[in-house]
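Following: one structure in C-alpha cells, then a few remarks.
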Amino acid sequence: MLHKILVLVLVGFGAQLIDGSLGMGYGVFSSSFLLLAGLSPALASASVHLAEIGTTLAAGTAHHRLGNTDWRLVARLGGPGAVGALIGATVLSHLPTSAATPVTASILLALGVYVSLRFALRPPAATTSHRSGHSARFIMPLGLIAGLVDATGGGGWGPVSTTTLLSAGKTAPRTVVGSVDTSQFIVSLAASLGFLIGLGGSGIPLVVVASLLVGGVLAAPIAAWLVSRLPGQVLGAAVGGLIILTNLNKVLDAVGAPGHVIAIALLAVIPVWGLLIVLAVRHWRQDRRRAAGPSGRHGTADAQKGTERGAVHETAALEAAPGVESTVATLV
C-alpha cells in the first residue's frame with residue numbers, strides 16, 4: 001500500500017512540475033495513469049479535479065508572487081471554464097464505464113497527439129507582453145470549451161487554453177502559463193462539485209486524491225520558478241508522447257484490436273516520439289541562436305565584455321559623484 005501511495009505522490013509531483021512549467025499536463029498526465037491503474041473515467045477525473053483544488057491554489061499563489069499572472073485574463077477564462085467543467089462533469093458522471101472509457105481515452109489520445117505535434121513542428125510564438133491582448137469574445141468561448149473538455153477527458157484545460165493563447169502570440173508565455181494555472185482553480189472547484197453531485201463522495205478514492213495533492217503541492221513552487229527557464233518545446237513534445245503511449249492501449253483495446261496489434265502500435269509510436277523530441281530540440285536551439293544575435297557566441301561574449309566595461313564605468317562614476325553613497329544609503 002505504501003508503495004502505491006509513493007507512486008501516486010511521484011505522479012502528482014511530475015504532473016504538477018509539467019503543468020506549472022508548460023501550463024498544461026496535470027490532468028491529462030494524472031488521468032492517463034489512473035485509467036491505466038484501472039479506475040473508471042468518472043472516478044479518475046473526479047480524483048484529479050479534487051486534487052487540483054489544492055495544487056492549483058498552490059500554483060496560483062506561486063505564479064502571483066513571481067508576477068506571472070494577468071488577473072483580467074484569469075477572470076475571463078475561469079468563469080466560462082467553470083460552467084463548461086460543471087456540464088462536462090455532470091455528463092461524465094452519468095455515462096456507464098464501458099462507454100466512458102473509450103471516449104475519455106480518445107480525448108486524451110487526441111490531446112497527446114496535438115501537444116506533441118504543436119511543440120515539435122510549430123512551437124508557439126513568443127512575446128514579451130505581460131497583459132493579455134485578447135478580447136473577451138475570444139477568451140470566454142475558449143474557456144467554456146476548455147472546461148468542457150477538461151472535465152470529460154480528465155484533463156485538457158491546459159492543452160486547449162494554453163496552446164490557443166500561446167499560438168496567437170499576444171501574451172508572454174510565462175503570463176499565459178501563470179494565468180491558465182491560476183484560473184484552473186475555479187474550473188477544478190466547479191468540476192469537483194459536478195462529480196460530487198453525480199457520483200457522491202463514497203466512491204472517490206481519497207487516498208488517491210491525497211497522494212496526488214501532496215505531490216502536486218510540493219512541485220507547484222518549483223514549477224512556477226522553472227516556467228521561464230525550461231525549454232518548453234522539448235518538454236511539450238516529451239509529455240505529449242507519454243500521453244499518447246498511456247492512452248493508445250485503451251483506445252485500441254476498446255475497438256477490439258488483438259494484443260499483438262496493440263503491442264506493434266505501441267512499439268511504432270516510440271521512434272516517432274523520439275523524432276518529435278529531436279525536432280523540438282532543433283527548434284529550441286534555433287530560438288537560442290536567434291536570441292544570441294547574428295554573431296552567435298562571439299556576440300554573446302562581446303556583450304558580456306561590454307556589460308563588464310559598463311559596470312566599471314558606472315562604478316567610477318559613482319565614486320566620482322559627490323554625495324551618491326549617502327543618498328543610496330538613505331534610500332536603502
Side-chain angles (χ1 to χ4, degrees), residues 15-16 18-32 41 44-46 48-49 51-53 55-56 59-60 63 69-92 103-104 106-119 124 132-171 173 175-195 232 236 239-240 243 247:
Q16 183 57 43
I18 294 165
D19 189 273
S21 303
L22 274 181
M24 67 182 77
Y26 186 91
V28 179
F29 188 85
S30 302
S31 295
S32 298
S45 187
V48 168
H49 283 92
E52 281 183 329
I53 293 176
T55 60
T56 53
H63 280 300
T69 309
D70 177 357
W71 287 102
R72 186 178 65 171
L73 177 59
V74 170
R76 289 179 173 179
L77 197 63
V83 175
L86 184 61
I87 296 172
T90 304
V91 171
L92 186 61
V103 171
T104 302
S106 298
I107 292 174
L108 293 172
L109 177 61
L111 290 171
V113 172
Y114 177 76
V115 170
S116 295
L117 295 177
R118 178 67 175 137
F119 282 92
S132 176
H134 299 96
S135 65
R137 287 184 297 178
F138 173 80
I139 295 174
M140 295 178 73
L142 173 63
L144 181 66
I145 295 170
L148 186 63
V149 172
D150 184 73
T152 53
W157 176 253
V160 174
S161 54
T162 300
T163 52
T164 302
L165 291 171
L166 286 178
S167 63
K170 292 185 177 181
T171 312
T175 304
V176 170
V177 172
S179 302
V180 169
D181 267 9
T182 304
S183 61
Q184 194 171 6
F185 172 73
I186 309 171
V187 176
S188 299
L189 276 176
S192 298
L193 177 62
F195 283 120
V239 171
I243 295 168
N247 289 282

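- With Ser179 contributing its side chain and Asp70 its backbone, the two residues share a donor-acceptor pair below 3.5 Å.
- For the pair Val187/Glu52, no side-chain contact is recorded, criterion being any heavy-atom separation below 4.5 Å from C-beta on.
- Partners of Gln16 according to the side chain to side chain donor-acceptor pair (under 3.5 Å) rule, which considers only residues two or more places apart in sequence or in another chain, do not exist here.
- Put simply, CE on Met140 and CD1 on Ile145 are 12.5 Å apart, with the number rounded to the nearest 0.5 Å.
- Rounding to the nearest 0.5 angstrom, the gap separating the CG atom in Asp150 from the OG atom in Ser188 is 6.5 Å.
- Paired with Trp157 under the rule side-chain contact (heavy atoms from CB on, under 4.5 Å), one option of Leu77, Asp181, Leu148 passes, and it is Leu77.
- Separating the CG atom in Leu73 from the OG1 atom in Thr182 is a distance of 9.5 Å, to the nearest 0.5 Å.
- Heavy atoms only, all atoms of each residue included: Leu92 and Pro41 are closest at CD2-O, 4.0 Å.
- Ala151 and Ala85 make their closest contact through CB-O, 3.3 Å (heavy atoms, listed as atom of the first residue, atom of the second, distance).
- Every side chain to side chain donor-acceptor pair (under 3.5 Å) that Ser45 has, sequence neighbours left out, goes to His49.
- Across all non-hydrogen atoms, the minimal contact from Ser30 to Val48 is CB-CG2, 3.8 Å.
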Before giving the answer on side-chain contact (heavy atoms from CB on, under 4.5 Å), spell out for Thr55 and Gln184 the whole-Å C-alpha distance, their side-chain angles and the decisive distance to 0.1 Å. CA-CA 10 Å; Thr55 60; Gln184 194 171 6; over 6 Å; no
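- When all heavy atoms are compared, the tightest approach of Ala75 to Pro80 is O-CD, 4.3 Å.
- Judged as a side chain to side chain donor-acceptor pair (under 3.5 Å), and not counting sequence neighbours, Thr56 has no contacts.
- Shortest non-hydrogen contact noted between Ala191 and Ala89 is O-CB, 3.5 Å.
- One N or O on the side chain of Ser183 and one on the backbone of Val180 form a donor-acceptor pair closer than 3.5 Å.
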